[in-house]
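Chain letters run A, B, ... following the sequence lines, proteins first and then strands; every chain starts at 1.
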Amino acid sequence: MKNEILVRYAPSPTGIPHIGNIRTAIFDWIYSKSNHGNFILRIEDTDQSRYDPKSETAIYESLEWLGLSWNEIPGKKPDTLKKSYVQSKRKKLYIQIAQELVNSGNAYYDDTTPEELISLRKKQQELGLPPRYDNRGRYRTKEDIDKSKSNGLPIVIRFKVPQNGSIKFTDEIRGKINFNLSEIEDFVILKSDGMPTYHLAHVVDDKDMGITHVFRGEEWISSTPKHLLIHQALNISTPKYIHVPLILGKDKSKLSKRHGAKSVLEYRDQGYLPEALFNYLVLLGWSPGNDEEIMSKSDIIKKFSIEKISESPAVFDQEKLEWMNGIYIRKLSIDKLSKALISYLEKPEIDGCLPDQIKRPINYSQVKSIAPFIQERLKTLKDSTEMLDFFFLADEDIKINKDDYFTKSNQIKDILKSLNEALNIINKIKKFKSDELELLFRTLSKELNIKPGILFTPIRISVTGKKIAPPLFETLEILGRKRCLSRINKAIKLLKE
RNA sequence: GGCCCCAUCGUCCAGCGGUCUAGGACAUCACCCUUUCAAGGUGGAGACACGGGUUCGAGUCCCGUUGGGGCUACCA
C-alpha cells in the first residue's frame with residue numbers, strides 16, 4: 001500500500017537550528033510517524049549571501065541528537081550523502097518553472113534596481129503610505145528589459161498578482177483565513193542571481209516531492225496567499241497547511257538569539273537529555289488533551305493529533321525544562337547515567353567540565369559507584385562537574401575556604417575536636433563502609449552531645465572542599481580511608497594557621 | 001500605519017454550553033522528612049482581559065473594544 005503522508009522539515013542553513021525551529025521538525029516527525037508516513041529533510045539554501053556551511057552540519061547533528069530520523073523519497077535520489085534534498089542543486093527546475101510562469105502571463109521580468117526600490121519605499125513612508133512595490137515592472141517592454149540586461153542591470157522575475165478579489169485558504173488549526181489580493185504586491189520569484197525565492201522554491205519542491213502536509217511557523221500565514229497564487233497559476237493542488245504557534249521569549253516576542261542563544265546543540269552541550277528536550281518542546285503548543293506531561297516518544301506518537309495543537313503562542317520556560325530534564329535523569333539506569341556523565345565530564349574544562357588536570361579517560365567503575373548519590377541532585381549533566389570534581393582531584397588540589405567552617409557561630413576548638421574525633425574513627429574502623437561509618441559517627445554525636453549537623457559539616461568541608469556535597473558517609477567510603485585521613489589532616493593544619 | 005493571527009493562574013497546558021465554588025504541571029510560600037544539598041510528601045496563595053449579544057444556562061458560541069504577537073525584502 002502506498003504511503004499517503006509525506007512531510008518535510010525545510011530549514012535554511014543560515015544558523016544553528018534553535019528551539020522554535022526544531023519544534024516544527026518535532027511536529028513533522030511525530031506526525032509522519034503517527035500516520036505511517038515519511039519525513040524528509042530539505043535544505044533551503046537559496047539565500048547565498050547568508051549561507052553558512054557549518055549550520056548545515058548543525059542541522060543534521062541536531063536532528064540526529066533528538067532522534068528525528070529522516071527518509072528519502074522512494075524513487076527520488078537525495079542530493080547529499082546525508083539523504084537530504086538541497087535546493088541549490090535544483091536551481092534549473094525553478095528557473096524553468098519561473099519562465100513557464102512568464103510565458104503563461106503570470107509573471108514578468110523586472111529591471112527595477114534595489115536602489116530604486118529603496119527610494120520608492122522611502123517616498124511612500126514620507127507620505128504616510130504603506131511601503132510596497134508599485135508593480136511598475138508590469139509596464140516595462142521587452143526592449144526595456146533587453147536594454148537593461150545589456151547594460152548589466154539586475155533582472156528579476158516577479159509574480160503578477162491579480163489586483164482584485166480575495167483569496168482564502170484553510171489552516172488546519174485555525175480554520176479559514178481570507179486575504180484581499182489588492183494588498184499583495186507583485187513579489188519576486190526569481191532573484192537576479194538566478195536563485196528562486198522561498199515563495200517559488202518551496203512550492204515547486206513540495207509539489208515535485210509530493211508533500212502532503214506543511215507544518216511551519218505562524219509567521220508564514222501572511223505570505224501563504226502568495227504560495228496559493230503560485231499553485232493556481234501552475235494549476236497544481238495545495239498541501240494542507242498547519243501553521244504552528246510561535247515560541248516566545250520571556251519578553252513575549254518571537255524567540256531569537258537575543259533571548260540567550262537557544263540552539264539545540266547548546267542544550268546538548270549544557271547537559272540536557274534529548275528525551276527531555278523532545279518531551280518539553282512537544283508540550284509547548286500541544287497537549288494530549290489531559291494532564292499527562294511525561295510521555296515517551298511512542299506515547300506521544302500514539303496520542304498526537306493536529307487538532308490538539310494550540311493556536312496561541314507559548315513562552316519558553318527554561319525552569320520547567322530543567323525540572324523535566326531532572327525527571328529524565330532520574331529515570332536513567334545507573335549504567336546509562338554513568339556513561340552519559342562520563343561523555344559529558346571528559347570534555348575540556350573550558351566547556352564547563354572537569355578540570356583539565358584530571359586525567360582522561362574518566363574511570364567508568366568509579367563514576368558508577370558515585371552516580372547513585374548524585375542522580376537525584378542533577379538537573380543537567382553539567383551540574384555533575386561541581387558535584388564530584390573532588391572525587392577525582394588529588395588531595396592537595398582540594399581547595400578549602402576557611403570561612404565555610406564558621407557559618408554556624410561555632411568555635412574553632414569544637415571544629416578541631418570534631419575533626420580529630422573523625423580522624424580517630426576513620427583510623428580505627430575495621431570495615432570502611434558507609435553504614436559502619438554512619439553508625440560510629442552517630443554514636444559519637446550522642447556521646448559528645450553535638451547535633452549531627454554540627455558534627456558532620458566540618459568533615460564534609462574538609463573532605464570535599466564544599467559546604468554542599470553528596471551524602472557524607474557514602475562519600476567517605478568511595479574516597480577511601482587514606483584520602484579521607486589525608487584531607488582531614490590537611491584541613492586541621494589549615495585551621496590551626 | 002496596513003493586513004493577519006491570538007487571548008484561562010507569573011509560565012506551560014486541561015476545559016470543546018450545564019459535572020467550573022475552573023483542574024494539572026513548573027515556579028513560589030509554609031510544613032514534614034533530613035548530616036548539607038537535592039529528591040519525596042502534605043498544604044497555601046494564584047487565572048477565565050473588558051463590554052455587548054445568543055441561550056433556560058457561557059470560561060466554552062457570535063460581535064466589538066482593549067491588549068499581545070506576526071508579516072509588511074531580490075531573508076527564510
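When the C1' atom of B/C75 is taken as reference, atom CZ of A/Phe187 falls 15 Å away, rounded to whole Å. Rounded to an integer number of Å, the gap from A/Glu438 CD to B/U35 P is 8 Å. In this structure, A/Phe473 atom CZ and B/C37 atom P are separated by 15 Å, rounded to whole Å. In this structure, A/Tyr198 atom OH and B/C71 atom C1' are separated by 13 Å, rounded to whole Å. Spacing between atom CD of A/Glu219 and atom P of B/G69 amounts to 15 Å, rounded to whole angstrom units. Atom CG of A/Leu388 is separated from atom C1' of B/A38 by 14 Å (rounded to the nearest Å).
Each of A/Ile155 and A/Ser253 has a nearest nucleotide on RNA chain B; the 5'-most of these lies closest to A/Ser253. Residue whose closest nucleotide on RNA chain B sits further toward the 5' end, between A/Ile468 and A/Val315: A/Val315.
When Watson-Crick and G-U wobble pairs are counted only if both distances are under 3.5 Å, B/A7 pairs with B/U66. Pairing for B/U42 is with B/A30, a Watson-Crick or G-U wobble pair whose two hydrogen-bonding atom distances lie under 3.5 Å. Partner assigned to B/U60 is none, using Watson-Crick or G-U wobble distances below 3.5 angstrom. Both distances falling under 3.5 Å, in either a Watson-Crick or a G-U wobble arrangement, occur for no nucleotide opposite B/C75.
The gap from the C1' atom of B/A7 to that of B/G43 amounts to 32 Å, rounded to the nearest Å. Only the C1' atoms considered, B/C56 is 38 Å distant from B/G44, to the nearest whole Å. As rounded to the nearest Å, B/A14 and B/G67 have C1' atoms that lie 24 Å from one another. Separation of the P atoms belonging to B/C61 and B/A25 is 26 Å when rounded to the nearest angstrom.
No cation-pi contact links A/Lys466 to A/Phe390, judged by a cut-off of 6.0 Å to the six-membered ring centre and 45° from its axis. With a 6.0 Å cutoff to the six-membered ring centre and a 45° limit on the axis angle, A/Arg158 counts as a cation-pi contact of A/Tyr133. Taking the ring centre of A/Tyr109 as origin, the terminal cationic atom of A/Lys149 falls inside the region bounded by 6.0 Å and 45° from the ring axis.
Using a 4.0 Å cutoff on non-hydrogen atoms, the parts of residues 275-295 of chain A near RNA chain B are A/Leu283, A/Leu284, A/Gly285, A/Ser287, A/Gly289, A/Asp291, A/Glu293, ordered by number.
Side chain of A/Trp323, nearest nucleotide from B/C26, B/U36, B/A76: B/C26. Listed nucleotides B/C75, B/G70, B/U35 differ in distance to A/Asp47; the shortest reach to its side chain belongs to B/C75. Residue A/Glu474 places its side chain closer to B/U35 than to any other of B/U35, B/A25, B/A27. In this structure, the nucleotide among B/C4, B/C6, B/A39 sitting nearest to the side chain of A/Lys379 is B/A39. Of the candidates B/G15, B/U35, B/G1, B/G1 carries the atom nearest the A/Pro131 side chain, counting heavy atoms from C-beta on. Residue A/Ser310 places its side chain closer to B/C13 than to any other of B/C13, B/C12, B/C5. Candidate nucleotides B/G70, B/A76, B/A39 were compared by shortest atom distance to the side chain of A/Arg330, and B/A39 ranks first. Among the nucleotides B/A7, B/A39, B/C3, the one closest to the side chain of A/Glu376 is B/A39. In this structure, the nucleotide among B/C74, B/A7, B/G70 sitting nearest to the side chain of A/Glu311 is B/A7. Picking from B/G69, B/A76, B/U35 the nucleotide with the shortest atom distance to the side chain of A/Ser12 gives B/A76.
Among the atoms of the strands shown, none is found under 4.0 Å from any heavy atom of A/Pro245. Residue contacts for A/Phe179: at a heavy-atom cut-off of 4.0 Å it reaches the sugar-phosphate backbone alone, with no base atom in range. Within the nucleic acid shown, A/Ala314 comes within 4.0 Å of sugar-phosphate atoms alone, with no base atom in reach, counting heavy atoms only. If you check every strand for non-hydrogen atoms under 4.0 Å, A/Val188 touches sugar and phosphate atoms only. Within the 4.0 angstrom heavy-atom criterion, base atoms lie near A/Leu472. Residue A/Leu129 is classed as having no contact, given no heavy-atom separation below 4.0 Å to the nucleic acid. Contacts of A/Lys250 with the nucleic acid, taken as non-hydrogen atoms under 4.0 Å apart, are absent. If you check every strand for non-hydrogen atoms under 4.0 Å, A/Lys467 touches a base. Here A/Arg174 lies in heavy-atom contact (under 4.0 Å) with sugar-phosphate atoms only. Within 4.0 Å (heavy atoms only), A/Ser49 reaches no atom of the nucleic acid at all. Note on A/Asn178: only backbone sugar-phosphate atoms sit closer than 4.0 angstrom, heavy atoms only; bases stay farther off. In this structure, A/Lys226 reaches neither bases nor backbone, as no heavy-atom distance under 4.0 Å exists between it and the strands shown.
Between A/Lys252 and B/U11 there is a side-chain N or O to OP1 or OP2 distance below 4.0 Å. Put simply, A/Arg132 has no side-chain N or O that comes within less than 4.0 Å of OP1 or OP2 on B/C3. Note on A/Lys254: a side-chain N or O is less than 4.0 Å away from OP1 or OP2 of B/C71. OP1 or OP2 of B/U35 sits under 4.0 Å from a side-chain N or O of A/Arg442. In this structure, A/Arg42 does not reach the B/A76 phosphate: none of its side-chain N or O atoms is under 4.0 Å from OP1 or OP2. Look at A/Thr46 and you'll find a side-chain N or O under 4.0 angstrom from OP1 or OP2 of B/A76.
With A/Leu283 as reference, A/Met324 is the one residue of A/Lys320, A/Met324, A/Glu292 to meet the side-chain contact (heavy atoms from CB on, under 4.5 Å) rule. Of the candidates A/Arg138, A/Lys226, A/Arg136, A/Arg138 is the only one forming a salt bridge (Lys or Arg N to Asp or Glu O under 4.0 Å) with A/Asp186.
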request  = Applying ring pair (Phe, Tyr, Trp, His ring centres under 6.0 Å), run through A/Phe456 and A/Phe473 and close with a yes or a no.
outcome  = CA-CA 10 Å; A/Phe456 301 164; A/Phe473 305 108; 5.1 Å; yes
message = Under the criterion ring pair (Phe, Tyr, Trp, His ring centres under 6.0 Å), I'd like the reasoning laid out for A/Tyr9 against A/Trp70: C-alpha separation, chi angles, the key distance, then a yes or no.
response = CA-CA 9 Å; A/Tyr9 174 50; A/Trp70 59 97; 9.2 Å; no
task = Show the numbers, then the answer: is there a side-chain contact (heavy atoms from CB on, under 4.5 Å) between A/Lys262 and A/Ile247?
result = CA-CA 11 Å; A/Lys262 304 289 188 191; A/Ile247 297 181; over 6 Å; no
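Counting only N and O atoms by type, the side chains of A/Tyr267 and A/Asn325 include no donor and acceptor under 3.5 Å apart. Checked by atom type, the side-chain pair A/Ser305/A/Tyr31 shows no donor-acceptor distance below 3.5 Å.
A 4.5 Å side-chain heavy-atom check between A/Ser462 and A/Leu419 finds at least one atom pair inside the cut-off.
A donor-acceptor contact under 3.5 angstrom links the side-chain atoms of A/Ser192 to the base of B/C74.
Residues meeting the salt bridge (Lys or Arg N to Asp or Glu O under 4.0 Å) test with A/Lys240, sequence neighbours left out: none.
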